[in-house]
Structure formats: C-alpha cells, structure tokens
Amino acid sequence: MSQPHHRTVVVLAAGEGKRMKSALPKVLHPLLGRTLLGHVLSAAAPLGADRTVVVVGHGADQVRGHLAEIAPDVVPVLQAEQLGTGHAVRIALEAVPDATGTVVVINGDVPLLRPETVSALVQAHEGEGAAATVLAAEVPDPTGLGRIVRSADGRLEQIVEERDATAAQRAIREINAGSYAFDVVRLRDALGKLSTDNDQGEEYLTDVFGLLNSAGEPVAVHVASDHTETLGCNDRVELAGLRRLLRDRINEGWMRTGVSLLDPETTWIDVTVALDRDAVVDQNTQLRGATVVGSGAVVGPDVTLIDTVVGEGATVLRSHAVGAEVGPGASVGPYAYLRPDARLAEKSKVGTFVEVKNSEVGPGAKVPHLSYVGDATIGAKANIGAATIFVNYDGVNKNRTIVGEGAFVGCDTSLIAPVEVGAGAYIAAGSAISKDVPPGALGVTRAPQREIEGWVARKRPGTVSAAAAERALRAAEGASPGTAAASEGEAIHGDGRALGGESPEGDTATD
Ligand code: UD1
Ligand code: MG
C-alpha cells in the first residue's frame, strides 16, 4: 500500500476545435493565466507521474512550441490523423512501451478540472484495484456528451456517446467528464480490440469500459462533486462561460484568504497571481501573470497589472503596469503607465499621466505630473517637476540619466541623457540640461524673457486677445492716471515674480 505507484499521464490535444473558428489550436487559447492545455497539465502535476505524454495533431508545431516553454519534460506524440480518442491513447502508449502501473488520460479541453479531483479519481482507482475508472458528473444538460450507463445494481456497464445512444440512454444525466484512470496492461489489451463500429467511425476510448466489463474486469465510476469542473470548451461562447466560472472560483478563493475584492464580477485575477492578506482590489481591475500584491495595498479601480509586484500599503489607481515594481507605501496614478523595469522604491510617487520605463525612482522621490522617465536613476526624495522629460534616446542609442538624492528639477525640463544632476542640485523650470550639474548647484538654460509692448494690438487686431488687452490697459489707466507706459508695464508684468533665471522658486508644480 505504501509502495509508490507508477503513473503515466496522457493528455489528448490533437483535435482541431473547429467551432472555435481560430488559427490558434483550441488547447492554446488563454484562460486567466494559462492556456487550456496549461490548466490541464497543472491539474495533473500533483500526480507525480513518471512521464506525461501529450497527443498533438492540429497545429502540432504550435502546441509543441508551447509545451517546450511551459513543460519541457512533457513528451509530445504526433497523431497525424484524428481517428478517435482510443486511437490517440494507443499512439500515446506506443511512446512509453515500458510504462507500468496507472495511466491517467485527460481530455485537453477541460480546463476547470481541479488537481484535487484528478488525485481523488486516481486514488479511488488505485485503491479499488480497478482495471479502469472514469470521472463522471451529474449535469443539468448532458447534450453532446457520453452517458454513463449503469446496471440495475448501479455498476458501470458501458459509456455510450450521445450519437450512438438510445432514447432511454439519452435521458441519463450522468456524463463522462473526459478523465480516466486505467491499469496500463489491461488498457493496452483493450485498445487493441477497439472497433470503429459507431456513428463517427472512430476508435472510442470510452469503448474500453464496455470491453473490460464484458471480460469480467472491474470497472468503476468516480463522481465529481462539482460538475462545473468537467465542462469542456467547444466554442468561444463556452470559453467565455468557463472564464467567468474560473474568475468566480479564483475570486472566492482570495476573499476566503482575507483579500478584499470590492467588485468581484469586474475583477479578473490570473491563477498565477499572488495576493497577501488585507490587500484591497477595487473594481474593474485585471491582475495578470506573475503579479503580486502585498498586504494593505490598494489596487484599482481601473487598473491592469501584468507581472508587476506591488509592495505593502502601496496604492495604484487607474493605471497600467507591465513588469514593474511598486515599493511599499508608494503611490501610482491616476493614469500612470509603468513599463518593464520601472522600479519605484518605498513611499515614492508616480502621479498623473506619467510614464516610467527601466528606471529607479528612489525612496520618497516624486514624479507627480505629466512626465516621461526612461533609463533613469532618481535619488531618494528628489522632486521631478511637472512635464519633465528624460530624453533617453538620441535616435541611435538609449542613454541614462542620474538625478541625485534631494535634487529639485523644475517644471518642463528636458534632461538630455547621458547626464547627471548632482545631489541637492536645482534645475530651473524650462531648462534643457545636457551637461552635468554639480551637487547643490542651480542648472539653468533659459533665454532671458523680453516683452514687446503693444504687439497684440498691432499684429492681432480684432481678436479676443486684442479686445481683452485693450480693456485691461484702459482699466489700468483709470486706476492710476500717471504715465500710460508705466502703468501698461505694471498691469501686464508687474506681479512681483522674478522673471530671469536667477531665482526659480515656485518653478515646480507641487501636489
Ligand atoms: C469525449 C468522450 C465523451 C465525453 C467527452 C467529455 C469519447 C469517444 N467521447 O467526447 O464520452 O463525454 O469527451 O468532454 O472519447 N482527441 C485527440 N485525437 C482524436 C480525437 C480527439 O487527441 O483523434 C482529443 C481532442 O482534442 C479533445 C479530446 O481528445 O481534447 C476529446 O475529444 P473530443 O472530440 O472533444 O471528444 P468529445 O466528442 O467531446
Ligand atoms: Mg470535447
């Protein structure tokens, strides 16, 4: 009993999936983080099989390529012509002539199957010493599926496909879910005896049950408690239905572990995502791939995170991130775009309409508005003014910019890489910085401002601006009936602000 069982897994994935109407083989369609085939393989993974064989046919090269990526140990076996599920298993077993023990066969198009269910099927089979065990389920609508035909004493007699069934058999709602466990020796023997005497002229794997039963071999049924696990996928409408079911299952799982989902129906979380306790996910949010959200973080509404790690207590609002890292307590958005290798340190801020790529934003540093940060290192507590652009690309090469700790970059600055702004340096608003600025210095490149008096009245007569200017000038004249020239100058420019490059205080937008 304690002897480990030898197991071989066979996944059937050669069919075309005609009704998907797709250039992509059916089993490669994605479903919340894995392909259909990927889901089936991960449901079988805990069996600890000696070998896993996947029968490929339609789109064989694409399916093989995908397998090489996600499960390089899997043995793909080509079934050039799809002559039935029995034929497919026969070919699969030819690739593993030395297999002993149990063969677990799973249709490639049942992605909601749980690992626990596959394990329970196999344990029941091995525990009973059955020759063959089929996974069954009682379903509300059995249309199109194979029916489990039992004898008066409740034992499995045979499995009948709907198209070969009698009216009485069609009324049965217990169906073949498309997963099986077999004793390899008796399976090989029975596969050699399959006929094609059925409506489709195919070798049916399901006929193995009738054959073994007639030969007096013990065949068994294992009933799945949740029939939705056994749902197959034949077209895109069914795929969308499976996606909703899987979404609900995933979301319920997270809520039960202590994650708040404020609107589960609009929250789509891949099976590959990890969420810590007390994370909050607000509505209309997609968490995909290797995304991780830490405890107390708030993500959403309207957020897409792909392969992105969000630290404890961080917030991400109405934003899109791919391959990024958001540190603990950091804040992102609304409307930020984080691209691969955007790394935001703890308590940093990337605000509205800001794009960050391949850059570090240091602890407590802020990029609050309307900026592009590419190939940069921004030091701790540096402040990057609105509309600052890190000019990283010279048309040929990408270059890096370094902004030192505590530096203060004025609004509408271009930092033309490669360039370094020293720790605690200031950059005057509107500068184009292409030379290094030493620590504590002010970098400024602005041209001096000049005013051409009366330009609007002369060059833009009759415009809204000209009329407004005239009114303002007249009002100023009325207010101080001194010399017209002096009062004009005061009304337009005399707001007391420094206009040169000397004193750029107030040059960054603040939050
Ligand atoms: C099969 C079962 C049916 C069961 C249903 C559950 C048979 C004869 N019938 O029917 O009792 O209720 O699954 O979903 O097995 N495939 C191959 N090579 C082939 C034929 C099929 O690899 O030559 C693969 C398909 O890609 C698919 C799986 O086997 O992944 C099942 O084949 P499919 O044609 O979908 O069988 P069903 O008619 O659904
Ligand atoms: Mg099917």
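Counting begins at 1 with the first residue of the sequence. Whatever order the structure lists them in is the order used to number ligands and atoms, beginning at 1.
Within the listing of ligand 1, atoms 22 (O), 26 (O) sit less than 4.0 angstrom from a heavy atom of A13. Near T85, with a cut-off below 4.0 Å to any heavy atom, the atoms of ligand 1 are 7 (C), 8 (C), 15 (O), 20 (C), 21 (C), 29 (O), 31 (C), 32 (O). Close approach of ligand 1 to Y204 is summarised as follows: ligand atoms under 4.0 Å from at least one heavy atom of the residue are 8 (C). Per-residue contacts place A14 under 4.0 angstrom from the following atoms of ligand 1 (heavy atoms of the residue considered): 17 (C), 18 (N), 22 (O), 26 (O). Atoms of ligand 1 lying under 4.0 Å from at least one heavy atom of G146, given by number and element, are 3 (C), 4 (C), 11 (O), 12 (O).
By the 4.0 Å N-to-carboxylate-O rule, R19 lies too far from D235 to be salt-bridged with it. A salt bridge links R150 with E174; the closest basic N to acidic carboxylate O contact falls under 4.0 Å. Salt bridge absent: R247 and D270 never bring a charged side-chain N and a carboxylate O closer than 4.0 Å. With respect to the salt-bridge test (charged N to carboxylate O, under 4.0 angstrom), the residues K357 and D375 qualify. The pair R114-D226 meets the salt-bridge criterion, with a side-chain N (NZ, NE, NH1 or NH2) lying under 4.0 Å from an Asp/Glu carboxylate O. A salt bridge between E126 and R7 is present, with a side-chain N of the basic residue lying under 4.0 Å from a carboxylate O of the acidic one. The pair E162-R170 fails the salt-bridge criterion, with no side-chain N (NZ, NE, NH1 or NH2) lying under 4.0 Å from an Asp/Glu carboxylate O. Using a 4.0 Å cut-off between charged side-chain N and carboxylate O, D189 and R186 make no salt bridge.
Taking only nitrogen or oxygen atoms, main chain and side chain alike, L205 does not reach within less than 3.5 Å of ligand 1. Looking at A177 next to ligand 1, no N or O pair under 3.5 Å apart turns up. Below 3.5 Å of separation, one finds no N or O of N234 facing any N or O of ligand 1. Ligand 1 has an N or O atom lying under 3.5 Å from an N or O atom of G108, backbone or side chain. Taking distance alone, with nitrogen or oxygen atoms compared against 3.5 Å, G84 approaches ligand 1 more closely than that limit. Checked by distance only, ligand 1 and Q79 come closer than 3.5 Å through their nitrogen or oxygen atoms.
Using a 4.0 Å cut-off between heavy atoms, T206 contacts ligand 1 through its side chain alone, with no backbone atom that close.
At least one heavy atom of L83 lies less than 4.0 angstrom from ligand 1. Contact between H87 and ligand 1 is absent, with no heavy atom of the residue lying under 4.0 Å from the ligand. Under a 4.0 Å heavy-atom criterion, G232 is not in contact with ligand 1.
Within the 4.0 angstrom cut-off, atom 39 (O) of ligand 1 has no protein heavy-atom neighbours. There is no protein heavy atom less than 4.0 angstrom from atom 33 (P) of ligand 1. Inside a 4.0 Å radius of atom 36 (O) of ligand 1 there is not any protein heavy atom. Counting protein heavy atoms under 4.0 angstrom from atom 18 (N) of ligand 1 gives one or more. Put simply, atom 11 (O) of ligand 1 has protein non-hydrogen atoms near it, under 4.0 Å away.
The two residues D207 and I159 come nearest to each other via the heavy atoms OD1-O, 4.4 Å. Closest of all the heavy-atom pairs between G374 and S359 is C-OG, 3.5 Å.
Protein heavy atom nearest atom 24 (C) of ligand 1, with residue, atom name and distance: L12 CB, 3.6 Å. Taking atom 14 (O) of ligand 1 as the reference point, the nearest protein heavy-atom neighbour is N107 ND2, 3.7 Å.
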Worksheet item: Should L135 and I106 be marked as a side-chain contact (heavy atoms from CB on, under 4.5 Å) after you check the CA-CA gap, both sets of side-chain angles, and the distance that decides it?
Response: CA-CA 10 Å; L135 182 69; I106 310 178; over 6 Å; no
Worksheet item: ring-ring contact (aromatic ring centres under 6.0 Å, His included) between F209 and F182: does it pass, once the steps are laid out?
Response: CA-CA 10 Å; F209 286 83; F182 299 97; 5.6 Å; yes
